[in-house]
Participant: 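Below you will find the structure I want to go over with you.
All values below come from the heavy atoms of this structure, side chains included, with hydrogens, waters and symmetry mates left out.
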Amino acid sequence: MNYRVEVAAIDCLMVRLFDGIAEDHMPWMLAAAERLRQGFGVGLIDLVPSYTTLMVHYDLRSLDPAQARELIDAALAGLVPLDAGGEREHVLPVWYDPSVGPELALLARRSGLPVAEVIRRHSQHEYRVFALGFAPGFAFMGLVAPELAAPRLDTPRKRVAAGSVGIAERQTAAYPAVSPGGWNLIGRTPSRLFDRELEGYSLLQPGDRVRFAAVERAEFLRLGGDDSPLEVPA
């Protein structure tokens, strides 16, 4: 495997495994992350996986930059992709409805598909979690079918409800908490995505497989969902 190591900070090295985003890169990314954690041991402060890179934050008190680079080379020697058998799988129930997903009809018009077909295509695909960011528990997932891809809103909303499911370009995500946001909202999940009682605090972790399951409003409410309509700016 060809990779590049870039300096990110005085105590951080960025390992770039790929130049483009693809779902089939994830087994390689997960294998590299596991090897790096083992290789650095107690000298590792943090390891942050992303779409194509892994940021290695190491302890300068125990390692200098040259030693850190040597550990990276040793860890990635002979790298093979991780077996898919150990990956976690999640099914997130989603109530797809214009009252909580105001861009649902917009995506249908843009794609030339009926709303029901937009829902079917969004929920039929199994997504990979590429990275966590933006907010605690916010998982960037992909890849959305090309016909459902949509640019972020020109003006982000000041308040997006927790659980809101959206699309931005060819990524999809669910907001773990109330926050600003500019993704195209198509529904809402009752799933708790960020919880201090969870290991790592986040329900979803890089490499996880996620599928959305369409549910009716009654089931959404039974599962603890909040059906308060999202305020749409005039």
Participant: Return the set of residues passing ring-ring contact (aromatic ring centres under 6.0 Å, His included) with Y127 (not counting sequence neighbours), or none when no residue passes.
Facilitator: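 Per chain and number, Y127 pairs via ring-ring contact (aromatic ring centres under 6.0 Å, His included) with H122, H125, F212.
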Participant: Among all residues two or more places apart in sequence or in another chain, which pass the salt bridge (charged side-chain N to carboxylate O under 4.0 Å, His left out) test with R170?
Facilitator: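 Salt bridge (charged side-chain N to carboxylate O under 4.0 Å, His left out) check on R170 returns nothing, list empty.
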Participant: My understanding is that only residues two or more places apart in sequence, or in another chain, count here; which of them pass ring-ring contact (aromatic ring centres under 6.0 Å, His included) with Y201?
Facilitator: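 Testing Y201 for ring-ring contact (aromatic ring centres under 6.0 Å, His included), a comparison that skips the adjacent residues, returns none.
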Participant: For L47 and A33, which heavy atoms make the closest approach, and how far apart are they?
Facilitator: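 Taking every non-hydrogen atom into account, CD2-O, 3.4 Å.
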Participant: If I take atom OG from residue S62 and atom CD1 from residue I45, how far apart are they, to the nearest 0.5 angstrom?
Facilitator: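 That separation rounds to 7.5 Å.
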Participant: With side-chain contact (heavy atoms from CB on, under 4.5 Å) as the test, would you mind laying out the steps for L63 and F40 before giving the verdict?
Facilitator: CA-CA 9 Å; L63 296 169; F40 275 78; 3.7 Å; yes
Participant: With sequence neighbours excluded, tell me which residues meet salt bridge (charged side-chain N to carboxylate O under 4.0 Å, His left out) with R35.
Facilitator: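 For R35, no residue satisfies salt bridge (charged side-chain N to carboxylate O under 4.0 Å, His left out) once neighbours in sequence are set aside.
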Participant: Can you run down the salt bridge (Lys or Arg N to Asp or Glu O under 4.0 Å) pairs that involve residues 217-229, sequence neighbours left out, and say none if there aren't any?
Facilitator: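 Those involving residues 217-229 are R217-D227, E219-R222.
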Participant: With sequence neighbours excluded, what pairs up with R37 under the salt bridge (charged side-chain N to carboxylate O under 4.0 Å, His left out) test?
Facilitator: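 Applying salt bridge (charged side-chain N to carboxylate O under 4.0 Å, His left out) to R37 gives none.
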Participant: Residues two or more places apart in sequence or in another chain: which of them pass ring-ring contact (aromatic ring centres under 6.0 Å, His included) with Y51?
Facilitator: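 ring-ring contact (aromatic ring centres under 6.0 Å, His included) check on Y51 returns F130.
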Participant: Tell me, please, which residues at least two apart from A9 pass side-chain contact (heavy atoms from CB on, under 4.5 Å).
Facilitator: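 D11, C12.
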Participant: R110: which residues meet the salt bridge (charged side-chain N to carboxylate O under 4.0 Å, His left out) condition with it, sequence neighbours left out?
Facilitator: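 So R110 forms no salt bridge (charged side-chain N to carboxylate O under 4.0 Å, His left out) with any residue.
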Participant: Mind checking ring-ring contact (aromatic ring centres under 6.0 Å, His included) for H90 and listing every partner two or more places apart, or none if nothing turns up?
Facilitator: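 Residues passing ring-ring contact (aromatic ring centres under 6.0 Å, His included) with H90: none at all.
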Participant: Ring centres under 6.0 Å, that's the criterion: do W28 and Y3 meet it?
Facilitator: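 Ring centres of Y3 and W28 not closer than 6.0 Å.
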Participant: Which residues, ordered by chain and number, are linked to L221 in its hydrophobic cluster, where ILVMFWY side chains connect at heavy-atom gaps below 4.5 Å, directly or through other members?
Facilitator: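 Besides L221, the hydrophobic cluster comprises W95, V100, V215, F220, listed by chain and residue number.
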Participant: What pairs meet the salt bridge (Lys or Arg N to Asp or Glu O under 4.0 Å) rule with one or both residues in residues 63-78, with sequence neighbours excluded?
Facilitator: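 As it turns out, the salt bridge (Lys or Arg N to Asp or Glu O under 4.0 Å) pairs with a partner in residues 63-78, which skip direct neighbours, are R69-D73.
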